[in-house]
Structures are given as structure tokens and as C-alpha cells.
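Here the structure comes first, spelled out in C-alpha cells, and everything after it is commentary.
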Amino acid sequence: MEFGNLSTDQVLDQFMQGFARRNPGEENFQQAVHELAADIVPFMMQHPKYRKMHLLERLTEPDRIITFRVNWVDDHGCIRTNRGYRVQHNNSIGPYKGGLRFHKDVKLDDLKFLAFEQTFKNSLTGLPMGGAKGGSDFNPKGKSDLEIMRFCQAFMTHLYRYIGPHTDVPAGDIGVGSREVSFLYGQFKRMTNELTPVLTGKDLAVGGSLIRMEATGYGAVYMAANMLEAKGESLAGKTAIVSGSGNVAVYASEKLIEKGAKVLTLSDSAGFIFDKDGIDSEKLEWIKELKFERRGRISEYVDQFPNAEYFEGERPWKIQADLAFPCATQNEIDEADAKQMIANGCQLVAEGANMPSNEAAIRVYQDARIMFAPAKAANAGGVAVSGLEMAQNSMRYHWSREEVDTKLQTIMADIHNRMVEYGTEGDYINYQKGANIAGFIKVADAMLALGVI
Ligand code: NDP
Ligand code: 2IT
């Protein structure tokens, strides 16, 4: 990257033009890279050692992308074909690490942006993990347990060549929970004759970690608590809107309730529910059974709790609340949603999902100077406990719930402190900038140390 006499904006534009040419049509990847580069280009202009070594160019090109055909047989005996992927983005600070997403809309663009984000998120955790992401356009909705198992086995039959406890350690993401991870693990064991811990998020019965299931949602709430505390405030008595009703949303809600906040909404891809009385722990237990046992839809909540309302085809951002936890998927908050949230008095957004706010929405948060924890920091608790699962597996030992939870809280507090260190701008903490720079430095220093490889 040559800067000459160009301004920061010109350098950024020039870089992004080249990047878009190399990754045509990949809008999510371009968005994620632009969000990071907007903070890293000015930083590099002040730090020539990174600039000279072309680190931004190198860090925006995945190390390797693997795609493969997955054939499996459904319950009716029909042969089905899906596409599988693994994007190994960067392994400078540790083995490739990141989840697998099974969702009908999965495209390479999504996995490239997610693997890129994962590299900086994993760096922020302080644990030795590189960045990767994978998945398939397989649609798990409505599939039987046996179909899920057969798909996972077929997927691993190809993937097993590329992963290993020191090479690449996948985990779950949308559509992949401990059931799927454990089926994948079973097939890895069958193929290699080894019970090597090559995945995290495993069922507790086969070496999973306590608190892994809860970690992403809990971590996002711990992050929000740290941010509020920095302003002399707390979660108690605050209202919160949460999107999604999967792993992240449910456990973010659980921790919010425990901390005395009132959770007003949850959603899925068909709509959202609004419970003005608040979703309490008893109602949340019912939701866990609905989502994780019966695999039902969030609309069923209003049949069970008739005081609540269901808004079909809508997202929860118009509901007035102090706090927002987007925990469903990418680009679920746009500029108009963000403006509505600010007008309603929202003070804090903590991203449980990956890239849930688009760039225009983030500008609205920053212009309004509200607290905004970007995904790579706010949802790092999940992969952090994955790192702790790897550590426990290596020790052939396990920690108690309390031990893992305490370590998770420490990691989230450390991430908060590092964002404050690099993101403080007068009396405003630009957490986005703090996360981008702190996440970048650790990976960049490792790449400098390893040489041009
Ligand atoms: P789950 O599969 O458990 O739940 C996903 C939830 O999001 C469901 O309620 C789903 O609704 C909803 N959703 C998915 N796609 C869409 C869409 N296109 N539009 C609207 N709603 C949608 O996944 P997780 O809870 O694990 O993941 C949620 C987010 O958190 C993702 O962005 C993921 O990358 C991120 N994340 C997950 C981590 C983890 O450890 N699991 C770690 C860090 C981040 P429906 O059932 O209708 O599809
Ligand atoms: O986005 C994420 O951080 C995850 N889906 C978790 C990855 C992991 O390896 O635990």
C-alpha cells in the first residue's frame, strides 16, 4: 500500500476499489472489510511498519478456500446434493478456528466475511486461535434427526481431510448446535479411528465444555455490563429488545433477566414477539423447550402467553427500549431501524450476531454517541469458551461451570479494556475503532514475526 500524498479517504477508496475488483459481487465481504479498513488505514498511516509489509492486502485475502459437493440420502430415499465450504482465513496466531453455518441461503460471500471477522474476534479473545468459517446451503428446517445425522456424516466425510486439533477446529453457528457438532465428531472418529478433539461446542458427554452453549449470549451481556459500568450505570431496571430465538438470543436473554433487565422481544425469520410484561425466567424455560426440544416457531409464544403480541414479517427495532441485542443474523438493522431506536431512547447496542448492523446504522449510533459494541467484541464469548474447551481437552480435564464462567467474564472485561485503550476519543469511546485496532495489532505483529509466507 503506497500512500504518497493521498488523504486517508483517498487511500481507503483506492484500497476498496482494488478489493471490490478482486471480490466482485461479494457485498457482505466488502462491507466487513470496509468497516475494518476505515479504522485500520488511518492507523497504518501512522505506523509504517505495518504499511510497508502490505498487511491489509494480505489480511483481506483468505489463506485458502475449500468447496466440496455433499451428497446424502433423505428419509424418502431421495439423493440430495448440497455444497460444503471451509474458508481458512488466517492462522498466524493459532490453528484456524470458527463455526459452521447450515442455512439455505449460505453463499461463499457470507463465509468469507465471517472468516475475516473471526480472525480479529479470535485475536481479541487473547487466546491462540486463527480465523475460519465454513458451512453449507443445507436447510436443516423440517429435517428429521436421522437426516441431520446423515448430512453431517456426508459433510465430514469430505471436511475431515482439512481439519485437525493443530490445523483447523470448527464449531457451531446458525443451524449448527451441539447435536450437529457431535454428529460431525462421530463421523471424524469413524474415519480416523481417533477421538481427537477436532471440534468445539461438542455435547458434554463427548468432551464439550460447560458454559459453551451459553457463552455467546452471556458474553454479550457481560460486555454490555462492562460498558454501562464505565459510565457508572448497570443493567438492572433497563429494558432490552433482543432479536433471534436461537442459541445466542436465548442465553443473552437468560443473562439479562438474571441481571435484572426486562427482555421485551425475541424473533425468528418469520416475525417477532413483544411481551410488554417482560419475558421472565419461567417463560424463557418454555421458549428453550419450544426452540431446542420441539424446534418450533417463536409465533407459538403468543398462544402460550396471550398478553404478548406477534408481528408477522417484522423485526423488533421499533419497540422502545434502553438496550438492543441483535442476535439473529447479518444486516438485520438498517439506517431507518437505527434512527428509530435512537429516537426511542436506546443507549446501547451489543451485537450478539455477526455484522447485524449495516454500515449506515453504525454511523447513526456513532453520530448519536450511544454505546456500540461491534460483533467481533460483543459476541467473542462463544469462541472464547471454544478456546477454553480446547484447553480442557488438551489437559484431559474439565473445569466447573463457575471456573469457566469466571474465565469468560475475565476475557470479556479484558476485551472491553483493550477497546477503551484504542478507541477512546475525548469523552466518547469508539468501541468499533478500539476493537478493530486491538484485534488487528495482534494478528499483524504475528505476521510480521513470521515473515512473508
Ligand atoms: P441459531 O441457529 O441457534 O439461531 C438463529 C436465529 O436467528 C433463529 O432464531 C433464526 O430464525 C434467526 N435467523 C437466522 N437467519 C435469519 C434471517 N435470515 N433473518 C431473520 N432471522 C434469522 O444460531 P445462533 O444463535 O448460534 O447464531 C445467531 C447469530 O449469532 C449468527 O449471526 C451467528 O453467526 C452469531 N454467533 C453465534 C455464535 C455461537 O456460538 N453460536 C458465536 C458468535 C456469533 P429461523 O429459525 O427462522 O431461521
Ligand atoms: O461466530 C462465532 O464466533 C462462532 N460461531 C463461534 C466459533 C467457534 O469456533 O466457537
Side-chain angles (χ1 to χ4, degrees), residues 28 94-106 110-111 113-122 124-125 127 129-135 139-142 163 168-181 198-202 208-209 211-220 242-253 266-273 287-288 290-292 295-299 313-316 325-333 350-357 374-390:
N28 286 325
Y96 299 109
K97 179 88 197 83
L100 298 171
R101 177 175 291 192
F102 292 170
H103 189 278
K104 65 179 174 41
D105 297 332
V106 160
D110 304 322
L111 302 176
F113 109 69
L114 288 161
F116 173 78
E117 283 281 291
Q118 196 80 45
T119 297
F120 302 99
K121 179 193 314 192
N122 294 3
L124 283 171
T125 67
L127 300 173
M129 300 182 289
K133 202 84 184 191
N139 181 3
K141 289 207 177 82
I163 63 175
D168 184 353
V169 182
D173 192 77
I174 290 177
V176 179
S178 69
R179 172 181 64 162
E180 291 74 16
V181 167
V198 71
L199 293 147
T200 62
K202 304 182 287 292
S209 174
I211 302 283
R212 173 61 189 88
M213 197 164 63
E214 297 89 338
T216 312
Y218 280 15
V242 180
S243 68
S245 48
N247 174 272
V248 181
V250 164
Y251 289 104
S253 303
L266 283 171
S267 72
D268 60 24
S269 54
F272 80 93
I273 56 114
I287 291 170
K288 283 186 193 168
L290 168 79
K291 296 301 294 189
F292 303 146
R295 297 182 190 270
R297 308 299 297 160
I298 201 63
S299 57
E314 292 190 53
R315 293 173 300 190
F325 289 82
C327 296
T329 194
Q330 62 271 10
N331 293 323
E332 52 172 320
I333 303 182
E351 296 188 324
N354 283 306
M355 207 167 76
S357 312
K376 58 173 77 68
N379 72 34
V383 74
V385 173
S386 277
L388 300 179
E389 182 173 330
M390 290 164 75

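When a ligand or atom number is given, it counts from 1 through the structure's own listing order.
- The distance criterion of under 3.5 Å between nitrogen or oxygen atoms is not met by K133 with respect to ligand 1.
- The residue K104 has no part lying near ligand 1, judged by heavy-atom distances below 4.0 Å.
- Under the 4.5 Å side-chain criterion, counting only non-hydrogen atoms from C-beta, V248 is not in contact with N379.
- T216 and G352 make their closest contact through CG2-O, 4.2 Å (heavy atoms, listed as atom of the first residue, atom of the second, distance).
- In terms of protein heavy-atom proximity, atom 18 (N) of ligand 1 is closest to T329 CG2, 3.7 Å.
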Which protein N or O atoms sit under 3.5 Å from any N or O of ligand 2? Give each pair with its distance.
unit_1	atom_1	unit_2	atom_2	d
ligand 2	1 (O)	Q118	OE1	3.4
ligand 2	1 (O)	K121	NZ	3.0
ligand 2	1 (O)	K133	NZ	2.9
ligand 2	1 (O)	N354	ND2	3.0
ligand 2	3 (O)	Q118	OE1	3.4
ligand 2	3 (O)	Q118	NE2	3.0
ligand 2	3 (O)	K121	NZ	2.8
ligand 2	5 (N)	K133	NZ	3.2
ligand 2	5 (N)	G172	O	3.1
ligand 2	5 (N)	D173	OD1	2.9
ligand 2	9 (O)	K97	NZ	2.6
ligand 2	10 (O)	R212	NH2	3.0
ligand 2	10 (O)	S386	OG	2.5

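- For the pair M213/N247, a side-chain contact is recorded, criterion being any heavy-atom separation below 4.5 Å from C-beta on.
- Closest heavy-atom approach to atom 7 (O) of ligand 1 within the set P326, A328, G271, S386: this belongs to A328.
- In this structure, H103 counts as a contact residue of ligand 1, since one of its heavy atoms falls inside 4.0 Å of the ligand.
- Compare G172, A384, P140, G246 by their heavy atoms: the one nearest to atom 6 (C) of ligand 1 is in G246.
- Annotation for S386 and R212: closest pair OG-NE, 2.9 Å, computed over non-hydrogen atoms.
- Annotation: atom 9 (O) of ligand 1 to nearest protein heavy atom, S245 N, 2.9 Å.
- Within the 4.0 Å heavy-atom criterion, the part of C327 lying near ligand 1 is the backbone and not the side chain.
- When only interatomic distances are considered, the shortest N/O to N/O separation between K291 and ligand 1 does not fall below 3.5 Å.
- Using the six-membered ring where Trp is involved, Y218 and Y251 have ring planes that are perpendicular, over 60° apart on the 30 and 60° scheme.
- Of all protein heavy atoms, the one lying nearest to atom 48 (O) of ligand 1 is K141 NZ, 2.9 Å.
- Atom 2 (O) of ligand 1 has as its closest protein heavy atom G175 N, 2.9 Å.
- Under the 4.0 angstrom criterion for non-hydrogen atoms, S267 is in contact with ligand 1.
- Of the options S269, G352, G296, the smallest heavy-atom separation from atom 20 (C) of ligand 1 is shown by S269.
- The shortest N/O to N/O separation between V248 and ligand 1 falls below 3.5 Å.
- Residue, atom and distance of the protein heavy atom nearest to atom 32 (O) of ligand 1 are N354 N, 3.1 Å.
- The parts of D268 lying near ligand 1 are both backbone and side chain, judged by heavy-atom distances below 4.0 Å.
- The minimum heavy-atom distance linking S269 with K141 is given by the pair OG-NZ, 4.3 Å.
- Using a 4.5 Å heavy-atom threshold, the side chains of L127 and M390 count as separate.
- Of all heavy-atom pairs spanning E351 and A378, the tightest one is O-CB, 3.4 Å.
- With a 4.5 Å cut-off on side-chain heavy atoms, N331 and M355 count as touching.
- Under 4.0 Å from ligand 1, not a single heavy atom of E332 appears.
- At a 3.5 angstrom cut-off on N or O pairs, K121 does not count as close to ligand 1.
- In terms of protein heavy atoms, atom 43 (C) of ligand 1 is closest to T216 CG2, 3.4 Å.
- For atom 26 (O) of ligand 1, the nearest non-hydrogen atom from the set N247, L114, D110 belongs to N247.
- For atom 29 (C) of ligand 1, a protein heavy-atom neighbour is found at a distance under 4.0 Å.
- Closest of all the heavy-atom pairs between D168 and K97 is OD1-N, 4.2 Å.
- Contact check for R179 versus P140: no side-chain heavy atoms found under the 4.5 Å cut-off.
- At least one heavy atom of R297 sits under 4.0 Å from some atom of ligand 1.
- Heavy atoms of R212 approach ligand 1 to within less than 4.0 angstrom.
- Among I174, D173, N331, V176, the residue whose heavy atom lies closest to atom 34 (O) of ligand 1 is D173.
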